[in-house]
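Dumping the structure here so I can ask a few things about it.
Since we're looking at a predicted model, the values are computed, not measured.
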Amino acid sequence: MSLKENIEMVKEELNSEEKFFEKAVVTEKFIKKYKNVIIASVAAVVLFAVANVAYEMNQKSKLESINIAFAKLSANPKDGAALNDIKALAPELHDAWVFSQAVANKDAQALKSLKDTKALVVSDLAEYEMAMDEASLQKYASRQDAIFRDLALVQSAVLLLNANKTQEARDVLAKVSKGSSMEKLVATLMHYGVK
């Protein structure tokens, strides 16, 4: 190697070192300028991760407590402590349990207490179960979100038929949705029962 080549190589090496130091200085200035923002961002990410893990653990613990209480309640339906635990931890599950027991025991008072529950399906089913006469069945069926709307209409029509009010029964049967699972029954009632 010649002296000229050695000098070029040293210059090149000095330039690369100079660029490295220049980048280090720029990085250092950036870090000094945004040190608080960087620390706050890292702290926020760590805090979010810790909060997420704590939340997941809390939810898992709550679910385990609900399952234990429900297992106790399933083993002994009269266990008031387990029922209270479920009411505190999962009010909608509590209402569903009370509904199932009310239907099984034909407890009208318990059904009445579920009419205004937050569990939408339970309140709808409780209202349906409480509907005993044709007027209350039609009132239930008049709601847009009624689950058993068509069944309530058919039951109302049958009660009207039993009372020999055939035209009213025909009018009620006409309200049953087309394509409903009750359609064949409605056709049969219209053909044989309502003339």
Side-chain angles (χ1 to χ4, degrees), residues 55-56 58-195:
Y55 177 77
E56 291 295 326
N58 183 34
Q59 289 298 100
K60 187 175 181 182
S61 171
K62 183 179 176 182
L63 186 61
E64 287 174 6
S65 298
I66 292 169
N67 285 336
I68 290 170
F70 194 73
K72 287 179 185 177
L73 197 58
S74 294
N76 179 12
K78 296 181 185 195
D79 188 348
L83 187 62
N84 288 335
D85 287 347
I86 290 176
K87 186 174 186 176
L89 296 170
E92 291 184 356
L93 179 61
H94 168 268
D95 292 346
W97 175 265
V98 170
F99 173 76
S100 70
Q101 294 302 304
V103 169
N105 299 327
K106 296 181 179 15
D107 185 355
Q109 194 64 26
L111 285 172
K112 194 175 270 189
S113 72
L114 293 172
K115 190 175 181 183
D116 297 322
T117 182
K118 300 269 190 227
L120 183 62
V121 172
V122 172
S123 67
D124 183 77
L125 294 175
E127 188 176 344
Y128 173 75
E129 287 292 328
M130 288 188 316
M132 297 296 176
D133 60 358
E134 82 56 47
S136 60
L137 284 166
Q138 285 190 37
K139 180 182 174 193
Y140 168 79
S142 68
R143 290 186 22 225
Q144 285 292 89
D145 60 347
I147 294 173
F148 294 123
R149 178 185 178 279
D150 293 332
L151 181 59
L153 288 171
V154 169
Q155 284 180 319
S156 176
V158 168
L159 291 173
L160 287 168
L161 283 174
N162 290 338
N164 290 324
K165 298 179 181 178
T166 55
Q167 186 55 43
E168 289 179 41
R170 179 178 285 281
D171 294 341
V172 170
L173 288 173
K175 295 178 187 175
V176 174
S177 306
K178 302 296 180 222
S180 164
S181 60
M182 295 276 146
E183 194 171 32
K184 289 182 181 178
L185 180 59
V186 168
T188 304
L189 284 172
M190 292 287 260
H191 183 70
Y192 293 110
V194 183
K195 296 205 178 195

Notebook entry, point to check: Looking at S156 and L137, what are the two nearest heavy atoms and their distance?
Noted result: N-CD1, 3.8 Å

Checklist line | Residue pairs, two or more places apart or on separate chains, that pass side chain to side chain donor-acceptor pair (under 3.5 Å) and touch residues 87-110 | finding: D95-T117

Next item on the list: Kindly compute the distance separating CD (E168) from CG (L159), expressed to the nearest 0.5 Å.
Entry: 12.0 Å

Next item on the list: Could you grab the distance from atom CD of Q155 to atom CE of M132, nearest 0.5 Å is fine?
Entry: 9.5 Å

Checklist line | Of all pairs that satisfy salt bridge (Lys or Arg N to Asp or Glu O under 4.0 Å), the ones with a partner from residues 58-83, not counting sequence neighbours | finding: none

Notebook entry, point to check: Tell me the ring pair (Phe, Tyr, Trp, His ring centres under 6.0 Å) pairs involving residues 102-124, sequence neighbours left out?
Noted result: none

Margin query: Could you check whether any side-chain N or O of S65 sits under 3.5 Å from a backbone N or O of S61, counting only pairs where one atom can act as donor and the other as acceptor?
Written below: yes

Check: Which heavy atom of V98 sits nearest a heavy atom of A110, and at what distance?
Finding: CG1-CB, 4.4 Å

Item checked: Distance, nearest 0.5 Å, that separates OG1 of T166 from CG of L161 -> 7.5 Å

Next item on the list: Could you tell me the separation between the CZ atom of R170 and the CG atom of L160, rounded to the nearest 0.5 Å?
Entry: 13.0 Å

Note to self: How long is the straight-line distance from CG of L173 back to CG of L153, given to the nearest 0.5 Å?
What the structure shows: 8.0 Å

Next item on the list: Could you check if a side-chain atom of Y140 sits within less than 4.5 angstrom of a side-chain atom of D124, using non-hydrogen atoms only?
Entry: yes

Note to self: Considering only residues two or more places apart or on different chains, which pairs with a residue in residues 147-171 satisfy ring pair (Phe, Tyr, Trp, His ring centres under 6.0 Å)?
What the structure shows: Y128-F148

Next item on the list: For E127, check salt bridge (charged side-chain N to carboxylate O under 4.0 Å, His left out) against everything at least two apart and list the hits.
Entry: R143

Notebook entry, point to check: Is there side-chain contact between L151 and M182, with at least one heavy-atom pair below 4.5 Å?
Noted result: yes

Next item on the list: Determine which pairs satisfy ring pair (Phe, Tyr, Trp, His ring centres under 6.0 Å) with at least one residue from residues 158-177, sequence neighbours left out, and list them in order.
Entry: none

Note to self: Can you give me the closest heavy-atom contact between A69 and A82, atom names plus distance?
What the structure shows: O-CB, 3.5 Å

Checklist line | Closest approach of A90 to I66 (non-hydrogen atoms, all atoms of both residues) | finding: CB-CD1, 3.8 Å

Check: Distance from D171 atom CG to Q138 atom CD, nearest 0.5 Å?
Finding: 9.5 Å

